[in-house]
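What follows is a single structure, written as structure tokens, with notes after it.
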2 protein chains.
Amino acid sequence: MADGPTITTIAERAGVSIASVSRVLNGLPTRQETVRKVMAAAEELGYVRNAVARSLKSRRTHQVAFAMADVGNPAYLAMLRQIQPVLKSAGYRLVLHSTDAVVADEIDVLHSLGERYVDGLIMSPLRVTEQHLDMLAAARAPVVIIGSVPEGTPVDNVRADSRTGVKLAIDHLYRLGRRTIGMVNGPTDTVPGAARGAAYREALEDLGLPYDEELVEIGDFYRAEGGRAVAALLERRPDVDALMCANDLIALGALDVLRAAGRRVPHDVAVAGMDDTDLAAASWPSLTSVSLGSAERGKAAAELLVDRLKNGDREPRRVTVPPRLAVRASTTGEEPAPYQAPGAERGTP
Amino acid sequence: MADGPTITTIAERAGVSIASVSRVLNGLPTRQETVRKVMAAAEELGYVRNAVARSLKSRRTHQVAFAMADVGNPAYLAMLRQIQPVLKSAGYRLVLHSTDAVVADEIDVLHSLGERYVDGLIMSPLRVTEQHLDMLAAARAPVVIIGSVPEGTPVDNVRADSRTGVKLAIDHLYRLGRRTIGMVNGPTDTVPGAARGAAYREALEDLGLPYDEELVEIGDFYRAEGGRAVAALLERRPDVDALMCANDLIALGALDVLRAAGRRVPHDVAVAGMDDTDLAAASWPSLTSVSLGSAERGKAAAELLVDRLKNGDREPRRVTVPPRLAVRASTTGEEPAPYQAPGAERGTP
DNA sequence: AAAGAGACTGTAAACGTTTACTGCGTGTGC
DNA sequence: GCACACGCAGTAAACGTTTACAGTCTCTTT
């Protein structure tokens with residue numbers, strides 16, 4: 001691991017100046033003879049350009065950061081998977097930040113843009129605080145936010161439409177004849193929690209169904225707690241015939257609890273999730289789920305950032321990705337025969 | 001996004017030299033009055049250290065790369081999730097490379113270490129070629145390989161023990177009374193495919209069971225093709241009473257096909273997967289699966305690398321992570337009553 | 001009161017590139 | 001045969017830090 005060769009080493013070896021070496025390496029017009037000598041020397045020495053020195057001079061690092069709460073979350077993972085190839089083919093490396101949904105960590109990331117170790121940032125904050133907005137206005141590098149920011153924030157912005165997404169699912173349940181549709185939500189002080197809760201209410205109103213607080217239960221966004229929330233809801237309203245779950249994990253918890261309670265899915269209770277993760281297709285019964293287009297949002301964000309990095313200043317853009325409903329067995333039970341929900345004879349009391 | 005302040009700006013503002021500014025910023029002994037002036041100036045100007053210039057001088061980037069085939073693969077994701085916090089708390093940023101299992105891309109990553117944009121690399125190659133070994137010997141930064149490398153390769157190395165892992169599962173199936181145990185494998189020209197295939201054979205021999213080629217089917221490592229492989233195997237050997245699947249996706253495909261064929265799991269056919277991904281717990285019936293300790297391997301790799309970066313030269317180390325069998329319903333069917341496999345009355349012909 | 005010690009501070013070089021500028025040599029046009 | 005243009009190559013500065021070294025100032029000691 002001895003010190004690698006530099007352009008100085010090459011220059012000496014080839015008997016030319018470092019400027020010539022640099023020019024050859026960058027393909028600037030140079031006499032053939034010089035090119036040959038430099039290339040030969042570089043080859044022999046196994047020279048590789050020092051990216052750090054290069055960045056210092058050129059003021060570009062060819063790195064982009066992606067900051068989200070947790071790679072383990074399938075929605076962020078879906079984004080990441082789309083972001084990566086876009087950046088790679090545009091010649092950027094990807095620096096990954098996990099903020100664990102801690103605001104201070106997100107602010108830290110924004111602050112660290114001042115260190116200039118990346119050319120730009122894609123960030124998907126759980127919620128956008130005043131402090132976020134201040135930092136965004138002062139950001140030292142282009143930022144793309146995945147999520148909603150107020151009108152006029154000077155950053156590119158990619159958003160989902162969870163309102164329409166929830167409506168898609170509720171309409172679907174309504175068309176299937178369900179009229180007592182419960183909602184199992186995560187904390188309503190998070191951006192997605194608040195949006196999905198409000199959307200549920202609106203969707204019901206649009207359909208002329210009454211909004212009934214008894215049909216709403218709040219837990220967190222995970223399977224076990226989601227299951228507990230469903231159990232509480234079932235206890236209170238045994239007549240519920242459909243559940244709108246704020247994400248797929250909650251919906252899996254719902255399936256667990258319904259199964260344990262001997263309720264057939266979808267015969268007795270139809271279940272819809274959100275985010276359309278891998279788990280939705282893998283579960284049994286497979287889960288009808290609203291995709292909020294995480295993958296598309298990731299891709300759009302990466303493309304916006306690359307465009308801005310290449311083309312410099314332009315007006316901030318906003319992209320809204322439409323939701324899509326993936327209909328599966330947990331609402332329609334229309335998969336081939338053996339995929340029907342288990343017969344009722346096996347239920348607990 | 002005007003040019004940010006540098007130590008020169010601060011020096012002028014505070015009326016001191018850039019050396020003093022640097023010293024204050026690095027906490028070297030300095031007169032109180034100077035500290036005060038510098039800090040005040042830095043504060044007012046919103047100064048942030050330039051990481052690139054710092055790296056150039058100090059020859060450390062405080063970045064580490066992680067290269068694997070595909071973040072979408074749950075095994076790599078599990079590694080990533082453990083690697084990230086270890087690096088973060090040691091003060092390193094994470095650069096993520098997806099190589100799509102293309103050897104040339106992996107070689108590229110090794111080569112790019114010469115650019116010195118990272119202090120070290122964690123790599124999990126699909127297979128290790130001669131070329132890999134050459135590059136590893138010449139690597140310009142410390143590398144930790146997750147996977148097996150020949151004795152004497154000058155890198156730290158973390159490996160799984162898929163041989164023992166397969167054996168755990170086969171022994172488990174045997175103890176449950178299964179004697180006709182099929183294997184659904186991925187391509188045997190991959191490292192995991194070859195290892196798992198051989199381990200299956202050995203495990204049978206250890207138990208005194210005959211090895212029968214008819215009971216082995218090769219597909220790829222994904223759900224649909226895994227299902228097709230299982231269908232072919234079932235056709236050939238309808239008497240099979242257990243399936244060892246080379247990963248969880250194949251096992252999910254097996255569940256699909258068995259269900260469609262009216263075979264009860266685990267009553268008629270017990271199914272075991274490998275990797276113990278999230279999907280294993282989410283599926284129905286939940287999937288018995290061998291964990292090869294991806295998470296632990298990721299953690300160990302990160303710790304080895306951090307140790308080497310802090311402590312410089314030492315002998316290469318090797319860590320082997322033991323496998324663990326996660327027993328679930330697809331083999332024992334012993335979850336609470338409603339978790340039993342669906343009754344047989346609903347099978348197709 | 002002079003010398004020496006000690007505490008800070010400033011100057012300048014270095015990290016490895018890129019690039020503006022200058023200079024040299026060749027070939028062309030008159 | 002001379003001026004000029006032009007194509008290349010070399011010198012040196014710059015990017016923003018860190019740090020070795022030397023210099024200044026103050027305080028203590030004799």
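Numbers restart at 1 for each chain; the letters A, B, ... are given by sequence-line order, proteins then strands.
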Answer yes or no: are there more than 12 heavy-atom neighbours, outside K37(B) itself, under 6.0 Å from its atom NZ?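 Yes.
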
Exercise. What do you reckon, is CD of Q32(A) surrounded by more than 12 foreign heavy atoms closer than 6.0 Å?
Worked result: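 Open.
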
Salt bridge (charged side-chain N to carboxylate O under 4.0 Å, His left out) test vs D156(A) passes for just one of R318(A), R308(A), R297(A), namely R308(A)

Rounding to the nearest 10°, end axes of the helix from dA1(C)-dT30(D) to dC30(C)-dG1(D) built from five pairs each make an angle of 60°

Okay, side chain of T153(A), backbone of V155(A): is any donor-acceptor separation there less than 3.5 Å?
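No, because the side chain of T153(A) does not come within donor-acceptor range (under 3.5 Å) of the backbone of V155(A).
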
Side-chain donor-acceptor contact under 3.5 Å, T61(A) with D119(A) | yes

5' to 3', nucleotides 7-18 of chain D under a 4.0 Å protein heavy-atom cut-off (B base, S sugar-phosphate only, - none) gives -SBBB--BBBBB

TODO: Look at the aromatic rings of H97(B) and Y117(B) and report parallel, tilted or perpendicular, splitting at 30° and 60°.
DONE: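 Rings of H97(B) and Y117(B): perpendicular, as their planes differ by over 60°.
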
R13(B) side chain near E44(B) side chain, heavy-atom distance below 4.5 Å:
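Yes - at least one pair of side-chain heavy atoms lies under 4.5 Å apart.
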
